[in-house]
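All remarks here apply to the structure that follows.
Numbers restart at 1 for each chain; the letters A, B, ... are given by sequence-line order, proteins then strands.
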There are 2 protein chains.
Amino acid sequence: MEKTIMKNLLHCPVTATMEVIGGKWKLLIIYLISNDINRFGKMGMMLKNISKQMLTTQLRELENDGIIERKIYAEIPPRVEYFLTAKGNSLTPVIERLRDFGMEFLIPREEASVDQLHV
Amino acid sequence: MEKTIMKNLLHCPVTATMEVIGGKWKLLIIYLISNDINRFGKMGMMLKNISKQMLTTQLRELENDGIIERKIYAEIPPRVEYFLTAKGNSLTPVIERLRDFGMEFLIPREEASVDQLHV
DNA sequence: TGATGTAGTCATTTATTTCAGACTAATATT
DNA sequence: AATATTAGTCTGAAATAAATGACTACATCA
């Protein structure tokens, strides 16, 4: 075997996807947005231990990767809302498989809780 | 909405799975093992920029999470081989979806290369 | 007049990861 | 007797990531 693997893995779609969703808060943010918690302040409240800076960074990265969209309303005080793009919504099968694996192998059935925000 | 989300997410199967596979080198290591590159030294050679310590850490975590198994042969010099467990093999659907998303949205078709180690 | 609310930015400090390199065990080979 | 081999461990240093707290803009409300 050659050592071409590293070169290949630069273009590996698995690795590439992990880079997009792998950030500490990214799937959580996607989850919040898909549940209409899509403003900076609200998100910050839900993600108890996140700093503003971290939240900003994660949102910007998701935006740059085309997963979410940022809509600025010309109001004062400022209002910004985030939405999933079509690309972002295409992550659904990935997330479902992550969930399946977690439910089957990692989380005791009774304790599992997903997709319920207790609004 | 209450702030129960953080409590819930402690048991979120999506997050739990990400914790298992999210480590920088873990999917690569799983990939190598599934291609019979399953000894410490060989893996270290393939993963060009990994340190021994890092490799050890990742392998131990995967082992503790039940994804891989460690077989020690009582020989000198020492021989240790790693194998995927049934649980580890159950990650296949997850990895396939990660790949699908990457191929469709992240990697230009011509450049994509997965599952080919050029042995 | 002064406080309030939103969505941030920026500089500095602190915490967490990761790396580099020396070291080990025990046997076979030269 | 010295060297090679494998799969690591250990310590201290360097690099990266993340948190903290101050600061901004501008209209509206009290």
Those residues at least two apart in sequence (or on a different chain) that pass side chain to side chain donor-acceptor pair (under 3.5 Å) with A:K26 are A:E61
Output all residues satisfying side chain to side chain donor-acceptor pair (under 3.5 Å) with A:D65, sequence neighbours left out; order by chain, then residue number. none
Taking 5' to 3' order, which nucleotide of DNA chain C is first and which is last to have an atom within less than 4.0 Å of a heavy atom in chain B? C:dT18 to C:dT27
Five pairs per end, C1' atoms only: what is the angle between the end axes of the helix from C:dT1-D:dA30 to C:dT30-D:dA1, to 10 degrees? 30°
With sequence neighbours excluded, what pairs up with A:R39 under the side chain to side chain donor-acceptor pair (under 3.5 Å) test? none
Which residues pass the side-chain contact (heavy atoms from CB on, under 4.5 Å) test with B:F40, sequence neighbours left out? B:K52, B:L55, B:T56, B:L59
Using a 4.0 Å heavy-atom cut-off across all strands, classify A:Y73 as base, sugar-phosphate, or nothing. nothing
Any heavy-atom pair between the side chains of A:T17 and B:R99 that's under 4.5 Å? no
DNA chain C contacts among residues 50-70 of chain B, heavy-atom distance under 4.0 Å: B:S51, B:Q53, B:M54
By side-chain contact (heavy atoms from CB on, under 4.5 Å) - contacts of A:T92 (at least two apart): A:E96
Expected list for residues 70-80 of chain B: side-chain donor-acceptor pairs under 3.5 angstrom, two or more places apart:
from, atom 1, to, atom 2, distance (Å)
B:R70, NE, B:Y82, OH, 3.3
B:Y73, OH, B:E81, OE1, 3.0
B:E75, OE1, B:R79, NE, 3.3
B:E75, OE2, B:R79, NH2, 3.0
B:R79, NH1, B:E81, OE2, 3.0

Give every residue pair that meets the salt bridge (charged side-chain N to carboxylate O under 4.0 Å, His left out) criterion with at least one member in residues 12-22 of chain B, sequence neighbours excluded. none
Please state how far atom CD in B:E81 lies from atom P in D:dG8, giving the value in whole angstrom units. 12 Å
Output all residues satisfying side chain to side chain donor-acceptor pair (under 3.5 Å) with B:N38, sequence neighbours left out; order by chain, then residue number. none
Minimum-distance pair of heavy atoms, taken over all atoms of A:Q58 and A:K24: OE1-N, 3.9 Å
Step-by-step side chain to side chain contact (heavy atoms under 4.5 Å, CB included) determination, B:T15 to A:L27: CA-CA 8 Å; B:T15 302; A:L27 287 177; over 6 Å; no
Whole angstroms only, please: what is the CG-C1' distance between B:N49 and D:dA14? 16 Å
Protein-nucleotides 28-30 of chain D N/O pairs closer than 3.5 Å?
none

Report yes or no: does A:T85 contribute a side-chain atom to a donor-acceptor pair with the main-chain N or O of A:E69 at less than 3.5 Å? no
Residue pair B:I107 / A:P13: nearest heavy atoms and the distance that separates them: CG1-CA, 3.8 Å
